[in-house]
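Everything on this sheet refers to the single structure shown next.
Residue numbers run from 1 in the order of the sequence given. Both backbone and side-chain heavy atoms feed into the values below; hydrogens, waters and symmetry mates do not.
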Amino acid sequence: MPKKSPNEISPVAHFEQSLEELEQLVEKMEAGDLSLEQSLGAYERGVGLYRQCQQALEQAELRVRLLTDPAQPEQSVPFDSSGHDD
């Protein structure tokens, strides 16, 4: 498998940074101090950050599935999102 160049960093590595930036954008927008143009720009940036976070979570889940059962990752059971251990 070819190694990634230093410029090609996995979205998983930037997840927390993207999430923090997204939270800051939401706070600014909720404060109501932005102009319409600034709000649209912040919304656009937020959508991009949301997509980056979603991609990072999907990649992290795939990595866990591959580690759990490398032969059949598609047969693994999805994580329980309810947070209950029954």
Side-chain angles (χ1 to χ4, degrees):
M1 177 182 280
K3 296 207 178 223
K4 289 185 177 183
S5 72
N7 293 336
E8 290 182 50
I9 299 176
S10 164
V12 175
H14 291 293
F15 175 78
E16 288 185 25
Q17 180 182 355
S18 295
L19 185 59
E20 184 176 328
E21 186 179 344
L22 182 57
E23 289 172 346
Q24 290 172 359
L25 280 173
V26 169
E27 287 176 14
K28 285 181 185 177
M29 291 176 73
E30 286 178 342
D33 296 332
L34 300 177
S35 69
L36 178 58
E37 187 65 33
Q38 291 170 325
S39 294
L40 287 171
Y43 181 79
E44 251 183 316
R45 177 68 180 144
V47 169
L49 289 167
Y50 168 79
R51 289 179 180 156
Q52 288 175 10
C53 289
Q54 190 66 33
Q55 183 181 14
L57 291 173
E58 289 170 2
Q59 286 188 5
E61 184 175 0
L62 177 60
R63 287 170 63 183
V64 169
R65 286 180 183 220
L66 288 171
L67 289 169
T68 304
D69 189 357
Q72 297 180 324
E74 70 282 350
Q75 297 295 322
S76 62
V77 179
F79 296 120
D80 178 17
S81 60
S82 68
H84 300 299
D85 292 334
D86 294 329

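- From L49, atom CG reaches atom CD of Q17 across 9.0 Å, with rounding to the nearest 0.5 Å.
- Taking CG of L25 as the reference point, atom CD of Q38 lies at 11.5 Å (rounded to 0.5 Å).
- With rounding to the nearest 0.5 Å, the separation of CG in L62 from CG in L57 is 12.5 Å.
- To the nearest 0.5 Å, atoms CZ (F15) and CG (L22) are separated by 9.5 Å.
- The CD atom of E58 sits 14.0 Å away from the CZ atom of R63 when rounded to the nearest 0.5 Å.
- How far OG of S39 is from CG of L34: 4.5 Å, rounded to the nearest 0.5 Å.
- Residue pairs meeting the salt bridge (charged side-chain N to carboxylate O under 4.0 Å, His left out) criterion with at least one partner in residues 17-46, sequence neighbours excluded, are E21-R45.
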